[in-house]
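Down below is the structure, laid out as structure tokens.
In what follows, chains are A, B, ... by sequence order, proteins preceding strands, each numbered from 1.
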Amino acid sequence: MLDPDVIRIKTDFVKESIAKKGADASIVDAFLKVDNKRKELIKKVDALRHDRKILSEEIRKKIAIKESAEKIKEKVREIGNDIKEKDKVLNDLNKQFTDLSLRIPNILHHSVPYGKDETDNIVIKSWGEIRNFDFQPKPHWETAENLGIIDFQRGVKISGTRFYALKGMGAKLERALISWMIDLHVEKHGYKEIFPPFLVSRTSMTGTGQLPKFEDDLYHCEKDDLFLNPTAEVPLTNLHRDEILNEEDLPIKYVAYAASFRREAGAAGKDTRGIIRVHQFNKVEMVMFVKPEESYSYLEELINHAEDVLRLLNIPHQLKKMCTGDVGFAAAIKFDPEAYFPSQDKYVEISSCSNFESFQARRANIRFRTKNGKIEYVHTLNGSGLAVSRTMAAILENYQQKDGTVLIPKVLQKYTGTDRITPEI
RNA sequence: GGAGAGAUGACCGAGUGGUUUAAGGUGCACGCCUGGAAAGCGUGUGUGGAUCACAAGUCCACCGUGGGUUCAAAUCCCACUCUCUCCGCCA
């Protein structure tokens, strides 16, 4: 949600930003129209309420001295009816106002490069040396199936397309990755570990920006009106919804593992093989609540924490800066670390680090009290650290051997209890 | 799922129809006191909105949410949500 004053005063700027994101900027005009009507009506209703208050007080005085107050009563009754009528209209305007506010995308940070879609994203740095394979590297799904550590067919049997089951060392490696990543972020990077609910309410989803616009992308439990979280960002950010934090407690840094669920509506035919794009995947997520003036330095820190995971795993990767058309609805700026996949000779998104500035904080009403008592919205940031299932795929690809076995990265061996995955039946 | 109790400002808590412009306390901020601190004393301190220069001032709303009764609602009525206790079911 944007500051309404910013929309009112810097209208053209806001529209321009929305257009750059590839969204329809006419929503701003719709918003301003409702906003004006709403303000006009508030003025009228407030004045009426004021009148009623004063006349009511007169009635009280008359009754106290045992004088008839019938005439004034009648007048106040009329005012009351007028208020009631106008209130109905105002209620409707308020709903429109809120709904439109929630549908206006965040304003872009000025440094975001212009571009239409993901093809216009910019690689800003690369790390690691791509291994020289003396054989044709296999895609991760082949390696995994050959090793017997992943079962696509039975996953589909159980739940349908884009589901899979991990078996034996596959399951263990997944678990090892989760534990190691969380330990790393807690011990080295200073995050507090959270184990959040995986099902979240409509209010929570609205707070982080998935709703009301992207309901189709979410799994929904109708009976209870609960949603399966698409990322731990949702429960983590909502941890402090409707709270006023203390300045000295900032920054607050949380890390959590959560199974994440996405309907992948509209992704038909994209990454259909393997475990790159599935309906349920594991992710370790980092979320920060910071003071506004510090949010961009913490964004760098956050990106570094995500990249640190890849560095320690010794997986070649690059960092991409999202262009205006690919930043998305809620973020002001977004950077994606991408891991190298040798079978496709391609980099694949494995994390996504964003600064939402006060966009989510306004929606979720997360504020902090400064030392001199002022109340301000925090800035929220989040980044995957990392998408566990994709990391597994990246390991299977980058660490595969000619004989079909897969070496386990050094940092994980303590967690897996072995340094190599060999075929399992 | 059943029964009961409850939901008031950052926190605790009073308030069952009309000076409540939400008592009081805690916390916090500032000041006095002190060598410094604590204690003590004093002053200030809810949120949102309208007007407007996001100043001062003025006005309106907010006591879980939404309706209703009334000239007037934190206070009465109805529905819902959430929390707690007990019972039931259950990993």
Side-chain angles (χ1 to χ4, degrees), chain A residues 1-11 14 31-32 34-102 195 197-207 221-227 235 238-250 252 259 289 292-293 358 361-378:
Chain A
M1 194 185 289
L2 302 179
D3 181 347
D5 273 338
V6 170
I7 305 176
R8 287 170 193 141
I9 296 163
K10 297 183 168 181
T11 308
V14 172
F31 171 86
L32 288 174
V34 170
D35 183 50
N36 277 326
K37 277 199 215 164
R38 180 172 165 270
K39 273 207 267 187
E40 280 307 304
L41 200 54
I42 286 175
K43 250 189 265 182
K44 284 182 192 159
V45 174
D46 275 5
L48 286 171
R49 286 217 172 89
H50 179 59
D51 293 347
R52 177 171 70 178
K53 210 176 187 178
I54 286 170
L55 291 175
S56 282
E57 177 61 14
E58 268 177 46
I59 293 170
R60 190 188 65 78
K61 281 179 185 159
K62 288 215 175 203
I63 290 173
I65 57 170
K66 302 206 167 22
E67 249 181 53
S68 165
E70 286 312 309
K71 263 190 186 164
I72 310 182
K73 276 193 188 180
E74 183 50 40
K75 200 172 176 188
V76 178
R77 195 177 294 131
E78 270 169 34
I79 294 176
N81 288 336
D82 200 8
I83 291 175
K84 206 174 270 180
E85 230 170 84
K86 288 194 163 64
D87 247 351
K88 266 184 200 153
V89 182
L90 184 57
N91 264 337
D92 186 55
L93 286 172
N94 280 336
K95 266 182 205 150
Q96 291 180 46
F97 180 83
T98 308
D99 186 64
L100 287 167
S101 303
L102 291 172
F195 203 111
F198 289 2
L199 287 167
V200 301
S201 68
R202 189 170 283 277
T203 311
S204 293
M205 280 293 188
T206 308
C221 307
E222 220 170 298
K223 255 190 172 170
D224 302 289
D225 199 25
L226 289 171
F227 296 86
N238 277 283
L239 229 32
H240 292 299
R241 172 155 47 82
D242 291 324
E243 287 185 22
I244 298 174
L245 306 163
N246 290 317
E247 182 173 3
E248 58 265 37
D249 296 333
L250 301 178
I252 294 174
F289 303 82
E293 65 270 24
S358 62
R362 280 178 189 280
R363 293 175 156 248
N365 195 28
I366 308 168
R367 296 169 295 175
F368 73 103
R369 196 184 299 276
T370 63
K371 285 187 188 102
N372 41 32
K374 264 189 89 178
I375 291 176
E376 285 183 55
Y377 287 104
V378 299

Verdict with reasoning, A:K73 to A:E70, per salt bridge (charged side-chain N to carboxylate O under 4.0 Å, His left out): CA-CA 5 Å; A:K73 276 193 188 180; A:E70 286 312 309; 3.8 Å; yes
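- B:G17 sits 13 Å from B:C77 when the C1' atoms are compared, rounded to a whole Å.
- The side-chain heavy atoms of A:L245 and A:H240, taken from C-beta on, include a pair separated by under 4.5 Å.
- If you take atom C1' in B:U69 and the same atom in B:C78, they sit 11 Å apart, rounded to whole Å.
- Of the residues in residues 80-88 of chain A, A:K84 come within less than 4.0 Å of RNA chain B through at least one heavy atom, sorted by number.
- Using P as the reference atom, B:C28 and B:C80 are 43 Å apart when rounded to the nearest Å.
- No engagement by A:K75 is indicated, since no non-hydrogen atom pair under 4.0 Å with the nucleic acid exists.
- For the pair A:P292 and A:F368, the minimum side-chain heavy-atom distance is below 4.5 Å.
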Strand RNA chain B in bracket notation, Watson-Crick/G-U under 3.5 Å with | for pairs to another chain: ((((((((.[[[..)..(.....]]]((((((.......))))))((((((.....)))))).[[[[[..)....]]]]])))))))....
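- Under the 3.5 Å distance criterion, with hydrogens and angles disregarded, a donor-acceptor pair is assigned to the side chains of A:Q96 and A:D92.
- Ring-centre distance between A:F97 and A:F31: below the 6.0 Å cut-off.
- Comparing the P positions of B:C63 and B:A74 gives a spacing of 7 Å, expressed to the nearest Å.
- Distance noted for atom P between B:G9 and B:U65: 10 Å (whole Å).
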Each nucleotide of nucleotides 52-60 of chain B classed B (base within 4.0 Å of a protein heavy atom), S (only sugar-phosphate) or -, in 5' to 3' order, makes -------SS
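- Nearer to the 5' terminus of RNA chain B, by closest-nucleotide assignment, is the contact made by A:I244 (compared with the other of A:R8 and A:I244).
- Separation of the C1' atoms belonging to B:C62 and B:U21 is 14 Å when rounded to the nearest angstrom.
- A:P197 places none of its side-chain heavy atoms less than 4.5 Å from the side chain of A:L199.
- With contacts defined as side-chain heavy-atom distances shorter than 4.5 Å, the pair A:Y377/A:N365 qualifies.
- A:E74 has its side chain out of reach of A:K71: every pair of non-hydrogen atoms, C-beta onward, lies at least 4.5 Å apart.
- At the heavy-atom level, A:R38 lies nowhere under 4.0 Å from the strands shown.
- Separating the P atom of B:A91 from that of B:A5 is a span of 32 Å, rounded to the nearest Å.
- With salt bridges taken as basic N to acidic carboxylate O contacts below 4.0 Å, one links A:R49 and A:D87.
- Remark: A:R369 is not in phosphate contact with B:C28, judged by side-chain N or O atoms under 4.0 Å from OP1 or OP2.
- A distance of about 15 Å separates the C1' atoms of B:U8 and B:G25, rounded to the whole Å.
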